[in-house]
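Data block below; observations after.
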Amino acid sequence: MRLDKYLCETGCGTRFEVKKKIKQGLVTVNGTPAKDGGMIIDELQDYICFNNQRLSYEKDLYFAFYKPAGCVTANEDALHKTVFDYFPDDIRKRINAVGRLDLDTEGLLFLTSDGDFLHHLISPSHRVPKTYYARLDHAVPNSAIESFMQGIDIGDEKPTIPAELEILSEEDCFSANLKICEGRFHQVKRMFHSIGCEVIYLKRIKEGAITLDGLLPGEYRKLTEDEIQQLKKKAN
């Protein structure tokens, strides 16, 4: 990797700023002052210091993020905050969202710099299960449990693949958990619509074995190595 790119990705500044820092002698590579931002370094092996502080570089980044309602899963948006606005610049320019959640949907979203990991998780053939909590405008009929398990028509060429529905007992609302292994457009809302219920609140609470684990809206955490490997196993 080029030295100036490495410095940018570790949060030392913009490309223009880090070139100035190099000229000022504030960057060393293996104890020797760097002279050229274009020099090629081994980002995992070389000992690189900025302002007398050693820098560290992670080859791949994996995050669990609690997406709030009202922000979009997009790089830029003229009207709404994006999920990337919650991350510092040196991270946001390296990561991509694994799938998407609608503007009014909140909950668990993965972001990563690992392209293979991303494509494994979004591939329909790997069927990593995602669980949603939904509040509805009407009570969900018990017959929907079997209907969803058999697969239902939501207006596409093919019915949905089997999904697990759990009808919840809550005093103040009609609600259910739904586990699906697909990611069709507005799928959860369309599935409930097909049985006469409209979703008024939707939250993804789990993907694979990973949950929100105490995160608040707008917060994120790094996935542990065990969690990453669990998701990769699911993908395979």
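As the structure is a computational prediction, the values presented were derived from the model and not from experiment.
The pair Arg92-Asp85 counts as a salt bridge, with a side-chain nitrogen and a carboxylate oxygen less than 4.0 angstrom apart. Between Arg54 and Asp46, none of the side-chain N atoms (NZ, or NE/NH1/NH2) sits under 4.0 Å from a carboxylate O, so this pair counts as no salt bridge.
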List the steps, then state whether side chain to side chain contact (heavy atoms under 4.5 Å, CB included) holds for Ile40 with Met1.
CA-CA 5 Å; Ile40 302 302; Met1 181 185 293; over 6 Å; no

Would Ile167 and Asn142 count as a side chain to side chain contact (heavy atoms under 4.5 Å, CB included) if you check the C-alpha gap in whole Å, the side-chain angles of each, and the deciding distance to 0.1 Å?
CA-CA 8 Å; Ile167 300 172; Asn142 288 327; 3.5 Å; yes

Applying side chain to side chain contact (heavy atoms under 4.5 Å, CB included) to Lys59 and Ser113, what does each step give before you reach the verdict?
CA-CA 8 Å; Lys59 181 180 179 182; Ser113 62; over 6 Å; no

Evaluate the criterion side chain to side chain contact (heavy atoms under 4.5 Å, CB included) for residue pair Tyr62 and Thr224; output intermediate values, then yes/no.
CA-CA 8 Å; Tyr62 305 85; Thr224 67; over 6 Å; no

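Of all non-hydrogen atoms in Phe84 and Ala74, the two that sit nearest each other are CD1-O, 3.2 Å. The heavy-atom pair separating Leu223 from Ile210 by the smallest distance is CD2-CG2, 4.1 Å. Heavy-atom minimum distance, Gly208 versus Val128: N-CG1, 3.8 Å. Shown here for Gly107 and Leu212, the closest heavy-atom pair between the two residues is C-CD2, 4.0 Å. Between Ala134 and Leu202 the shortest heavy-atom distance is CB-CD1, 3.8 Å. Here the shortest heavy-atom pairing between Pro162 and Met149 reads CB-O, 3.1 Å.
By the side-chain contact (heavy atoms from CB on, under 4.5 Å) test, Cys12 is found to be paired with Leu7, Thr10, Val18, Phe50, Leu55, residues two or more places apart in sequence or in another chain being considered. With sequence neighbours excluded, no residue forms a ring pair (Phe, Tyr, Trp, His ring centres under 6.0 Å) with Tyr132.
One finds the CG atom of Asp60 at 7.5 Å from the CZ atom of Arg94 (value rounded to the nearest 0.5 Å). Between atom CG of residue Asp90 and atom SG of residue Cys8 there is a gap of 10.0 Å, rounded to the nearest 0.5 Å. Taking CG of Leu26 as the reference point, atom CG of Asn51 lies at 5.0 Å (rounded to 0.5 Å). From Leu103, atom CG reaches atom NZ of Lys81 across 13.5 Å, with rounding to the nearest 0.5 Å. Rounding to the nearest 0.5 Å gives a distance of 8.5 Å between CZ of Arg100 and OG1 of Thr105. Distance CD/Glu170 to CZ/Arg135: 6.5 Å, rounded to 0.5 Å.
Counting only heavy atoms from C-beta outward, the side chains of Thr112 and Asn96 never approach each other to under 4.5 Å. In this structure, Met39 and Val29 have side chains that are in contact, with non-hydrogen atoms separated by less than 4.5 Å. Between Pro68 and Glu106 the shortest side-chain heavy-atom distance does not fall below 4.5 Å. Taking 4.5 Å as the limit, every side-chain heavy atom of Pro129 sits out of range of all side-chain heavy atoms of Glu164. Using a 4.5 Å heavy-atom threshold, the side chains of Lys179 and Lys130 count as separate. Using a 4.5 Å cut-off on side-chain heavy atoms (C-beta onward), Leu108 and Glu207 make contact. Within the 4.5 Å cutoff, side-chain heavy atoms of Ile41 are placed close to those of Glu43. The side-chain heavy atoms of Leu136 and Ser175, taken from C-beta on, include no pair separated by under 4.5 Å.
Cluster membership for Leu61 and Leu118, using ILVMFWY side-chain heavy atoms within less than 4.5 angstrom, is not shared. Hydrophobic cluster membership is shared by Val199 and Val140, with clusters built from Ile, Leu, Val, Met, Phe, Trp and Tyr side chains linked at under 4.5 angstrom. Hydrophobic clustering, with ILVMFWY side chains joined whenever heavy atoms are under 4.5 angstrom apart, keeps Leu111 apart from Leu215. Cluster membership check: Ile205 shares its hydrophobic cluster with Tyr201, using side-chain heavy-atom separations under 4.5 Å among Ile, Leu, Val, Met, Phe, Trp and Tyr. A continuous path of hydrophobic side-chain contacts links Leu101 to Met191 [ILVMFWY only; heavy atoms under 4.5 Å].
With hydrogens and angles disregarded, no donor-acceptor distance shorter than 3.5 Å links the side chain of Ser123 to the backbone of His119. The closest donor-acceptor contact from the side chain of Thr160 to the backbone of Ile152 lies under 3.5 Å. Formation of a donor-acceptor pair under 3.5 Å by the Asp102 side chain with backbone atoms of Asp104 is not found in this model. Looking at Asp4, its side chain never comes within 3.5 Å of a backbone N or O of Arg15 through a donor-acceptor pair.
Aromatic pair Tyr57/Tyr6: centroids less than 6.0 angstrom apart.
Screening Val98, Leu109, Ile91 for a side-chain contact (heavy atoms from CB on, under 4.5 Å) with Phe63, the sole residue that qualifies is Ile91.
As a member of the Ile/Leu/Val/Met/Phe/Trp/Tyr network built from side-chain separations under 4.5 Å, Ile161 groups with nothing else and remains a singleton.
The number of heavy atoms from other shown groups lying within 6.0 Å of CD (Glu76) does not exceed 12.
Ring-plane geometry between Phe110 and Phe117 is classed as tilted, the angle between the planes lying from 30 to 60 degrees on a 0 to 90 degree scale. Between Phe65 and Tyr86, the ring-plane angle classifies as tilted under the 30° and 60° cut-offs.
Applying the salt bridge (Lys or Arg N to Asp or Glu O under 4.0 Å) test to every pair with at least one member in residues 215-230, sequence neighbours left out, gives these pairs: Glu58-Lys222, Asp213-Arg221, Arg221-Glu227. For residues 137-157, every residue pair satisfying the salt bridge (Lys or Arg N to Asp or Glu O under 4.0 Å) rule, not counting sequence neighbours, is listed here: Asp156-Arg184, Asp156-Arg190. Contacts classified as salt bridge (Lys or Arg N to Asp or Glu O under 4.0 Å) and involving residues 16-39 (residues at least two apart or in different chains) are not found.
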